[in-house]
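Ligands are counted one by one from 1 in listed order, and the atoms in each one are counted from 1 as well. Both backbone and side-chain heavy atoms feed into the values below; hydrogens, waters and symmetry mates do not.
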Amino acid sequence: MPKGIFKVPQISNEPVKSYAPGSPERSWLKKEIEKMRSEVIDIPMIIDGQEVRTDNTVSIHPPHERKHLLGHYHKGDASHVQMAIKAALKARKKWANLSWEHRASIFLKAASLLAGPYRMKLNAATMLAQSKSVFQAEIDSAGELIDFFRFNVKYMTEIYDQQPNSPNTIWDRVEYRPLEGFVFALTPFNFTSIAGNLPSSPALMGNTVVWKCSNTQVYSAKVIMDIFREAGVPDGVINLVFVSGPVAGNEIFSHKDFTGIHFTGSTEVFQNIWKTIGTNIHNYRSYPRIVGETGGKDFVFADPTANTDHLVVALVRGAFEYQGQKCSAASRAYVPRSLWPEVRSKLEDMVNGIKMGPPEDFSNFFNAVIDEPSFDKLAGFIDRAKTDKEAEVIIGGDYDKSEGFFIEPTVILASDPKYITMEEELFGPVLTLYVYEDEKIDETLKVLNETSNYALTGAIFSTDRYNIERLSKALVDCAGNFYINDKPTGAVVGQQPFGGARGSGTNDKAGSYLNLLRWVSARSIKEEFVPPVDYRYPFMDEV
Ligand code: NAD
């Protein structure tokens, strides 16, 4: 146990590198990309610190270059999930008893490894296997994941620091125990940082974890696991399996020691998981913690005083960076009739100037969508908008999967504010706009509020302070992350804790102490220094 009340190092956000021509990071990253492209990597599962291979291998290809082979991963089955659960439970006691400063050291070391020797490896893996541009990879797999590791250490100590009052002869203490059992981290394809954060934040708080990543994020998950191992995460504390979601779910949710799920992904999957946990509730030792950040139908609302230059950049970056595959992506917008001609012409100019292609060519702003099912789904919605009478495709609308899964940045103009692409999360580069009459601002705010079940992010654009307050109040329940005169994407750890309400999740705010609180179960300890020696109270005395 520590003989000192240790303070964690000063924590600040990791600076984002520019990768400008001539910069050292640019040539370092290019070399790493070239190296990864020239190899065929073999990726095993990692269970109890051991590499586990199977006869069932699955090939990995860049979404933007279907014919190129990056490697294979070894797909597991139910027996591997059971092995991972066993390993997590075996490792639990020792890990839970390790003093907090050693857990902190491991994850601070992981941050330093990622900021240094692993930065380009993780960026290159994310660019190649998830089709992210340099900048999108840098702010995700480097910047955000480093920030998660470091800020979570700080938040952990702030939680531990929360202690009750103690009158004179007693000492009240609260200890923040890890949960009793194992935690399941179930992660999405679109953010490497989220994939790294979901298993590591419960582990930092003393839990052991079974981690199942998305089958389209295996390459960068492997690099994250390398970082964990080199940073000193002990065997069995984080176990990575490559199985299908339902196979993992069957084993995990029927296990009596399942104690929590840390999920990010789609709303439908999360709702089914919640239902399964509810059905099995009698079987568990403890009530499992259910933490899920899910889908969004994120909005941009401009009032008639909005600055159209600011608005259009926010629409383009908000809707099309990482091909719109961000839970926070701007996917519906409301523009007043008086501004529409100006907004339309600026939007056409800007979107038509977007260069699309593989991320290895750094001049491309825009790359491919993740896989064929996603491509087909998006193409279906675009085709439908081309024929539906309530919609018109005004920009983009072409797609081609011969080389890679490329869908043009597409803008749909809807005459019905409840048109399907104003309501449903498409998760791709499709922005739908509705033009409202200036005098109908209040009705339009009401429609916005009632259009979708999601409430993740949203942005308003206005230069009128009274309107800024009015819109902020009118849309109070529509977004867990609300932006004024900025795009609705790009939340930064330590600055804008992230998460949404309604159908968008439990709003446990990744990148804040609120999230870490879900991974502990507090024990109150009262110590009496001078215990009483008589059972009777003064009121019982004779007068
Ligand atoms: P997804 O729901 O398809 O998959 C997420 C994870 O769940 C994957 O590991 C997948 O294999 C697994 N899974 C799928 N079906 C399963 C089942 N039946 N049982 C158990 N596990 C199952 O999501 P995705 O396509 O990887 O990611 C995109 C989604 O994630 C979007 O809806 C997006 O909005 C959301 N997202 C939300 C946030 C947020 O913070 N709110 C952040 C990123 C992504």
**OP:** Return a yes/no value for Phe427: is any of its N or O atoms, backbone included, closer than 3.5 angstrom to an N or O of ligand 1?
**Re:**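 No: no nitrogen or oxygen of Phe427 is under 3.5 Å from one in ligand 1.
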Subject >> Atom indices of ligand 1, in the order listed, that fall short of 4.0 Å to a heavy atom of Gly295 >> reply: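 Matching atoms, with element in brackets: 32 (O), 34 (O).
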Original post:
Under 3.5 Å, is there a donor-acceptor pair linking the side chains of Asp376 and Tyr399?
Top reply: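 No.
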Among all protein non-hydrogen atoms, which one is nearest to [atom], and what is the separation to 0.1 Å?
{"atom": "atom 11 (O) of ligand 1", "value": "Lys212 NZ, 3.0 Å"}
{"atom": "atom 9 (O) of ligand 1", "value": "Thr187 O, 2.8 Å"}
{"atom": "atom 2 (O) of ligand 1", "value": "Ser266 OG, 2.6 Å"}
{"atom": "atom 26 (O) of ligand 1", "value": "Phe189 N, 3.1 Å"}

Compare [options] and give the one whose heavy atom is closest to [atom].
{"atom": "atom 15 (N) of ligand 1", "options": "Thr457, Val269, Asn215, Thr216", "result": "Val269"}
{"atom": "atom 19 (N) of ligand 1", "options": "Pro188, Gly245, Ala248, Ser244", "result": "Gly245"}
{"atom": "atom 5 (C) of ligand 1", "options": "Leu198, Leu426, Thr264", "result": "Thr264"}

If you measure from the Lys or Arg side-chain nitrogens to the Asp or Glu carboxylate oxygens, is any gap between [X] and [Y] under 4.0 Å?
{"X": "Glu423", "Y": "Arg332", "value": "no"}
{"X": "Glu51", "Y": "Arg53", "value": "yes"}
{"X": "Glu138", "Y": "Arg119", "value": "yes"}

Subject >> Tyr155 and Phe151 aromatic ring geometry - parallel, tilted or perpendicular at 30°/60° bounds >> reply: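 The arrangement is tilted - the two ring planes meet at 30° to 60°.
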Subject >> Passing option when Tyr284 is tested against Phe253, Phe182, Phe258 for ring pair (Phe, Tyr, Trp, His ring centres under 6.0 Å) >> reply: Phe258
Original post:
Side chain, backbone, both or neither: which part of Thr267 comes within less than 4.0 Å of ligand 1 when only heavy atoms are counted?
Top reply: neither
Subject >> Of Thr216, Thr192, Asp140, the residue whose pairing with Gln130 passes side-chain hydrogen bond (donor to acceptor under 3.5 Å, both in side chains) >> reply: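 Going through the options one by one, the only one that passes is Thr192.
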